[in-house]
Amino acid sequence: MSSIVLSVSGLNYYLSTVGKYAGVHTSSVRSLRYGWLAYALGERTTPRLKQNSKIITLDGNLSSGKGALAQKLADKLGMLYMPEPDTFYLDKMTGEKEPLPVDFNGMCSLEKFYTDPKAADGNSYRLQMWMYTMRLLQYADALEHLLTTGQGVILERSPFSDTVFLEAMFKEGYIRKECVQHYNEIKGISICEFLPPHLVIYVDLPAEDVQKKLKQSGKSYLQNVPLTYLKSIEDSYKKSFLPKISETSEVLAYDATQAQDVERVVEDIDYLKFEKGPWLEQDDVTYHHMRMLVEDKQKVATLTHIPKFLPEITIGAHDYDEKYYAYKSLPGKKYAPGYNADVGDKYIWLK
């Protein structure tokens with residue numbers, strides 16, 4: 001029998017081949033990596049943190065209007081807006097000109113999930129695990145941007161709220177109990193490394209209205225999303241996520257109509273005192289260690305790997321080799337960036 005290679009839907013070998021990208025500072029303000037030498041020479045984080053140096057996440061069910069509110073809030077508060085990551089977020093992070101095949105992006109499909117959520121090939125849990133990893137990488141990007149520039153960041157959802165989809169999938173019978181146990185173990189050893197959002201804004205749209213909006217979206221794969229699944233997401237938000245996150249983060253909740261009044265939301269944010277949560281305990285030393293972690297995206301992604309066999313996300317050694325060499329055969333992937341003549345890199349022998 002061939003040996004088994006554990007991989008989060010291909011992330012392991014993908015990140016190993018883009019490690020040089022994954023460790024590069026992603027902020028548009030600074031192109032140099034931060035490190036212990038910068039800290040030793042006097043680089044500090046706290047002087048650049050101002051009133052709006054916050055991480056704010058917008059949460060809610062599908063098509064609840066959180067994206068529109070997030071963009072408007074970012075404009076009003078002078079913060080960076082990061083839209084919700086998709087299955088190809090890693091390609092954007094590593095600067096791919098075009099999305100790579102799904103074999104190198106989780107080996108999962110969002111469209112397939114909505115049309116066949118109980119697919120026997122394990123697509124549903126691969127998608128869930130991949131999206132948790134993408135949210136974790138994006139959250140690391142957000143923290144890196146905040147700590148490096150001082151500019152606050154507004155995101156749609158976060159790895160902290162990702163569990164609402166897991167709970168809904170399990171309740172609907174889309175994934176096995178073993179998948180839930182695996183996810184909880186992964187989240188338990190990874191999310192603890194990150195500070196929670198300063199503020200969570202929840203946009204409440206009843207599941208029935210969500211289903212109507214999905215049918216009006218024009219996307220064929222969203223036409224038949226079960227109402228029970230949407231209700232499960234709503235229940236998980238209200239009964240599980242929001243009560244728990246309120247212990248460490250400020251929480252504001254609005255219905256879909258109230259969420260359109262951006263001025264009111266901004267005013268409510270101004271009234272918040274932000275007097276709870278682990279952010280109050282941070283200093284330049286802890287910020288230093290956080291910056292060291294979040295700029296190393298390969299290390300962040302490795303937090304989602306454990307040596308545990310689970311058919312949904314495990315591939316055999318032969319399949320692993322096949323996909324690895326398929327990736328290396330892509331244009332510009334055989335050698336490190338800047339050393340590939342097939343994509344026009346020049347003066348390679350001088351580097």
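Since the model is a prediction, treat every value here as computed from it, not as a measurement.
Minimum heavy-atom separation, T304 to A301: OG1-O, 2.7 Å. The shortest heavy-atom contact between N123 and C108 is OD1-CA, 3.2 Å. Looking at every heavy atom in both residues, G152 comes nearest to L146 through CA-CD1, 4.0 Å. Considering all non-hydrogen atoms of both residues, K66 and D59 come closest at CD-C, 3.9 Å. Heavy-atom minimum distance, W36 versus H288: CA-CE1, 3.9 Å. Across all non-hydrogen atoms, the minimal contact from S217 to Q223 is OG-NE2, 4.0 Å.
Taking 4.5 Å as the limit, some side-chain heavy atom of I201 sits within range of a side-chain heavy atom of I269. Inter-residue side-chain proximity for R264 and D268 is flagged as met; some heavy-atom pair is nearer than 4.5 Å. Residues L199 and K54 fail the side-chain proximity criterion, which asks for heavy atoms closer than 4.5 Å. Annotation: side chain of M134 is not in contact with side chain of M93 (no heavy-atom distance under 4.5 Å). Inter-residue side-chain proximity for I315 and M107 is flagged as met; some heavy-atom pair is nearer than 4.5 Å. Side-chain atoms of E172 and S232, non-hydrogen and from C-beta on, do get closer than 4.5 Å to each other. Side-chain contact between D204 and Q258 is absent, with no heavy atoms from C-beta onward closer than 4.5 Å.
The existence of a salt bridge linking K76 and E263 is confirmed by a sub-4.0 Å separation between a basic side-chain nitrogen and an acidic carboxylate oxygen. In this structure, D121 pairs ionically with K112, as a charged nitrogen and a carboxylate oxygen lie closer than 4.0 Å. Taking 4.0 Å as the cut-off between side-chain N and carboxylate O, E43 and R291 count as a salt-bridged pair.
A donor atom on one side chain and an acceptor atom on the other are found under 3.5 Å apart for T286 and Q282. N105 and D91 form a side-chain donor-acceptor contact under 3.5 Å, judged by distance and modelled atom types alone.
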Would you please test L214 and L230 for side chain to side chain contact (heavy atoms under 4.5 Å, CB included) and show each step? CA-CA 11 Å; L214 293 177; L230 298 174; 4.1 Å; yes
Take E144 and K297, measure what side chain to side chain contact (heavy atoms under 4.5 Å, CB included) needs, and give me the verdict at the end. CA-CA 10 Å; E144 180 183 11; K297 300 308 186 295; 2.7 Å; yes
What's the verdict on side chain to side chain contact (heavy atoms under 4.5 Å, CB included) for L73 and Y81, showing C-alpha distance, side-chain angles and the deciding distance? CA-CA 9 Å; L73 278 179; Y81 166 62; over 6 Å; no
Between I175 and L166, is the side chain to side chain contact (heavy atoms under 4.5 Å, CB included) condition met? List the steps. CA-CA 8 Å; I175 59 176; L166 178 89; 3.6 Å; yes
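Looking only at distances, no side-chain donor or acceptor of K231 sits under 3.5 Å from a matching main-chain atom of P226. No side-chain donor-acceptor contact under 3.5 Å links S236 to the backbone of I233. With hydrogens and angles ignored, the 3.5 Å screen pairs a side-chain donor or acceptor of K328 with a backbone N or O of K333. Here the side chain of E234 pairs no donor or acceptor atom with the backbone of P206 at under 3.5 angstrom. No donor-acceptor distance shorter than 3.5 angstrom exists from the side chain of N340 to the backbone of D342, with no hydrogens or angles considered. Y125 places a side-chain N or O within 3.5 Å of a backbone atom of C179 that can act as its donor or acceptor partner. Judged purely by atom type and a 3.5 angstrom limit, R135 has no side-chain atom pairing as donor or acceptor with the backbone of R157. Looking only at distances, no side-chain donor or acceptor of D162 sits under 3.5 Å from a matching main-chain atom of S158. Remark: the backbone N or O of H305 is not paired with any side-chain donor or acceptor of K308 at under 3.5 angstrom. Put simply, the side chain of D235 never gets that close to the backbone of K238: no donor and acceptor are under 3.5 Å apart.
The 12-atom threshold is not exceeded at NZ of K212, counting heavy atoms of other residues, nucleotides or ligands nearer than 6.0 Å. Under a cut-off of 6.0 angstrom, the local environment of CD in Q51 is sparse, with at most 12 non-hydrogen atoms contributed by other residues, nucleotides or ligands. Other residues, nucleotides and ligands place more than 12 heavy atoms under 6.0 Å from the CD atom of E178.
Sorted by first and then second residue, the ring-ring contact (aromatic ring centres under 6.0 Å, His included) pairs involving residues 252-285 (not counting sequence neighbours) are H198-W279.
Once rounded to the nearest 0.5 Å, the distance linking CG of L69 with CG of L58 reads 5.0 Å. Atom CD1 of I55 sits about 5.0 Å away from atom CG of L143, to the nearest 0.5 Å. Remark: L137 CG to Q298 CD distance equals 11.0 Å, nearest 0.5 Å. Taken from CG in L222 to OH in Y114, the straight-line distance is 6.0 Å, to the nearest 0.5 Å. Rounding to the nearest 0.5 Å gives a distance of 8.5 Å between CZ of R48 and CG of L147. Interatomic distance, OG of S63 versus NZ of K219, reported as 7.5 Å (0.5 Å rounding).
If you chain together hydrophobic residues whose side chains sit under 4.5 Å apart, L227 and V225 never meet in one group. Note on V294 and I56: separate hydrophobic clusters, where clusters join Ile, Leu, Val, Met, Phe, Trp and Tyr whose side-chain heavy atoms are under 4.5 Å apart, directly or indirectly. L62 and V200 fall within a single hydrophobic cluster, where Ile, Leu, Val, Met, Phe, Trp and Tyr side chains are chained together by heavy-atom contacts under 4.5 Å. Follow the hydrophobic side-chain contacts under 4.5 Å out from V343 and you never reach Y335; the two are in separate clusters. Placement of M169 and V210 within a single hydrophobic cluster is found when ILVMFWY residues are connected by side-chain heavy-atom separations under 4.5 Å, directly or transitively.
Below 30°, between 30° and 60°, or above 60°: for Y139 and F194 the angle between ring planes is above 60°, a perpendicular geometry.
Separation of the Y202 and F241 ring centroids does not fall under the 6.0 Å cut-off. Close placement of the Y229 and F113 rings is indicated, their centers lying within 6.0 Å of each other.
With sequence neighbours left out, the side-chain hydrogen bond (donor to acceptor under 3.5 Å, both in side chains) criterion links D284 to T46. Considering only residues two or more places apart in sequence or on other chains, E250 meets the side-chain hydrogen bond (donor to acceptor under 3.5 Å, both in side chains) condition with none of them.
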